[in-house]
Amino acid sequence: MITVDNLNKRFGDLHVLKDVSTQINKGDVVSIIGPSGCGKSTFLRCLNLLEQPDSGTIVVNGQDITAPGVHIASIRQKMNMVFQSFNLFSHLTVLENLTVGPIKLKGFAPTVAEEKACELLRLVGLGDKGHHFPDELSGGQKQRVAIARCLAMEPEVILFDEPTSALDPTMVREVLSVIRRLAKDGMTMLIVTHEMDFARDVSNRVFYMDAGGIHEDGTPEQIFLNPQREKTRAFINRTRSLSFTIADRNFDFYGMNAEIEGFCEKQILSKRFRQNLLLLVEELVLVHQPLLAYGPLTLRIEHAERSNQLGVICEQAGLDRNPLVGGHLPDEFGVMIIRSLVQSIDHRHESGHSRLTLVVRSKAPPENG
Ligand code: ADP
Ligand code: MG
């Protein structure tokens, strides 16, 4: 239904969309997720020509809408957009908001447009609100009116740009229910959203956007449960990380500890978690110190907010064995402490590169006699 080929969009020096290509089929419900500023809105706005792409083509039902001389208004009717901020006409009643487009742009007779508008208002649960003005409605009701107004133009595709972001949490559900209903009726939709649970159960496809494009395109099961790419996984798990490179004994360990404490505070880690992490890092540094001659140690702390899993990854080029095993150890006691602070240890080395992954225990270390 929609074929996007090598779409590019720049704002000055900022290259927002880089050679984006994809196909959207009739009946697809695509949720678009990704970090703020990655170009999700720009992508939607290019699709209905609110932004003019710099290059590339968008073909909708066989028509190249990026070709010169296209009738932009009719494209926007076919691919109508619902905005975060509703964008209702405040000087018109709810009913007039729904009828003005069909009468002016589609040439509907006023009585026909009105009849249809009433039907759509009932569909979104607002059958009794036709004669109200937008300001008399709650945010959730306004957004449902905006959806009804969008439907009044009989679109083939609806583009939603964060339809619930401006709403109080109590009103999110009523809007999502309406969108769910449209999905059930087979409407083709692209939905930029931060509501992950909703994205997971309403869509048949999820785009993870990052770095100027669709970084991963998959089923909700793939994207949310088994993402194939690193960046997608970090986003889904809401992983935050902090890393240090320790080259020699001149490294500022006090500075590192202070940064780790700040990180723990930001990630709202429990006191026990924080203590275990700090002690673990200290012991890891001690164990690695005699090995720094092989090459610098990179120490990365990762916290996955969703699962509340905290990990420490030690990487060292030039080291071809497990740093927790071997005769270099100043004292075996350090390794014992490390083992008591973690719930799992994984070590691998490949072509002279050692990678030690430890998952920090969130509880007190077991009593060890
Ligand atoms: P998202 O919706 O994923 O948060 P946007 O598509 O809104 O991201 O924006 C992508 C990038 O393009 C951002 O860095 C934003 O500041 C920039 N941008 C968006 N619109 C404009 C514009 N009209 N002029 C200049 N920069 C813009
Ligand atoms: Mg946006």
Side-chain angles (χ1 to χ4, degrees), residues 2 4-22 24 28-58 60 65-66 72 75-76 79-88 139-140 142-143 146-147 150 155 157-169 171-172 175-176 179 188-200 202-203 205-218 220 223-224 227 229-240 305:
I2 307 174
V4 178
D5 238 328
N6 290 303
L7 183 68
N8 280 281
K9 178 68 191 174
R10 287 184 179 81
F11 294 111
D13 289 340
L14 189 65
H15 196 171
V16 179
L17 299 177
K18 298 176 188 161
D19 287 325
V20 176
S21 297
T22 189
I24 288 143
D28 268 354
V29 177
V30 181
S31 288
I32 303 176
I33 61 171
S36 156
C38 70
K40 304 181 294 296
S41 297
T42 304
F43 179 58
L44 286 196
R45 294 169 64 85
C46 281
L47 287 184
N48 81 345
L49 303 178
L50 284 171
E51 296 288 355
Q52 189 61 41
D54 293 323
S55 64
T57 55
I58 303 168
V60 182
I65 65 167
T66 47
I72 291 183
I75 305 291
R76 293 207 187 124
M79 292 206 274
N80 212 346
M81 190 140 159
V82 173
F83 302 88
Q84 182 180 329
S85 50
F86 329 130
N87 295 11
L88 295 174
K142 282 184 204 169
Q143 192 60 302
I147 294 171
C150 173
V157 181
I158 304 183
L159 311 172
F160 289 92
D161 193 1
E162 300 195 27
T164 60
S165 295
L167 300 177
D168 285 345
M171 296 167 188
V172 168
V175 171
L176 296 184
I179 301 175
T188 310
M189 302 191 279
L190 279 80
I191 311 165
V192 174
T193 184
H194 292 293
E195 302 285 338
M196 298 295 164
D197 291 337
F198 168 72
R200 203 167 142 177
V202 78
S203 34
R205 278 169 86 185
V206 179
F207 290 174
Y208 172 68
M209 284 188 71
D210 203 338
I214 299 168
H215 190 69
E216 189 164 345
D217 166 1
I223 300 289
F224 290 107
R229 304 190 70 178
E230 192 75 40
K231 279 187 178 169
T232 318
R233 194 169 310 146
F235 181 83
I236 294 300
N237 294 328
R238 281 191 248 140
T239 305
R240 295 285 178 274
E305 278 178 37

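Whatever order the structure lists them in is the order used to number ligands and atoms, beginning at 1. Hydrogens, waters and symmetry mates play no part in the numbers below; they use all other heavy atoms, side chains included.
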Would you say the side-chain atoms of Thr57 and Asp5 include a donor-acceptor pair closer than 3.5 Å? no
Sorted by chain and residue number, which protein N/O/S atoms are under 2.8 Å from the Mg ion (ligand 2)? Ser41 OG
Does atom CD of Glu305 have more than 12 heavy-atom neighbours, drawn from other residues, nucleotides or ligands, at distances under 6.0 Å? yes
Taking every non-hydrogen atom, the tightest pair across Arg233 and Thr239: O-OG1, 4.4 Å
With no hydrogens and no angle check, is any side-chain donor or acceptor of Asn8 less than 3.5 Å from a backbone partner on Asn6? yes
Sorted by chain and number, the residues that approach ligand 1 to under 4.0 Å with a heavy atom: Phe11, Leu14, Val16, Pro35, Ser36, Gly37, Cys38, Gly39, Lys40, Ser41, Thr42
Give a yes or no on whether the backbone of Arg229 and the side-chain of Glu216 come within a donor-acceptor separation of less than 3.5 Å. yes
Distance-only donor-acceptor hits, side chain of residues 29-41, under 3.5 Å, sequence neighbours excluded:
residue: Ser31; atom: OG; partner: Ser203; partner atom: OG; Å: 3.0
residue: Lys40; atom: NZ; partner: Gly34; partner atom: O; Å: 3.1
residue: Lys40; atom: NZ; partner: Pro35; partner atom: O; Å: 3.0
residue: Ser41; atom: OG; partner: Asp161; partner atom: OD1; Å: 3.3
residue: Ser41; atom: OG; partner: Asp161; partner atom: OD2; Å: 2.7

Polar side-chain atom of Gln143 near backbone of Thr164 as donor-acceptor pair, under 3.5 Å: no
Does Arg200 reach the main-chain N or O of Phe224 with its side chain, forming a donor-acceptor pair under 3.5 Å? no
Those residues at least two apart in sequence (or on a different chain) that pass salt bridge (charged side-chain N to carboxylate O under 4.0 Å, His left out) with Arg205 are Asp28, Asp217
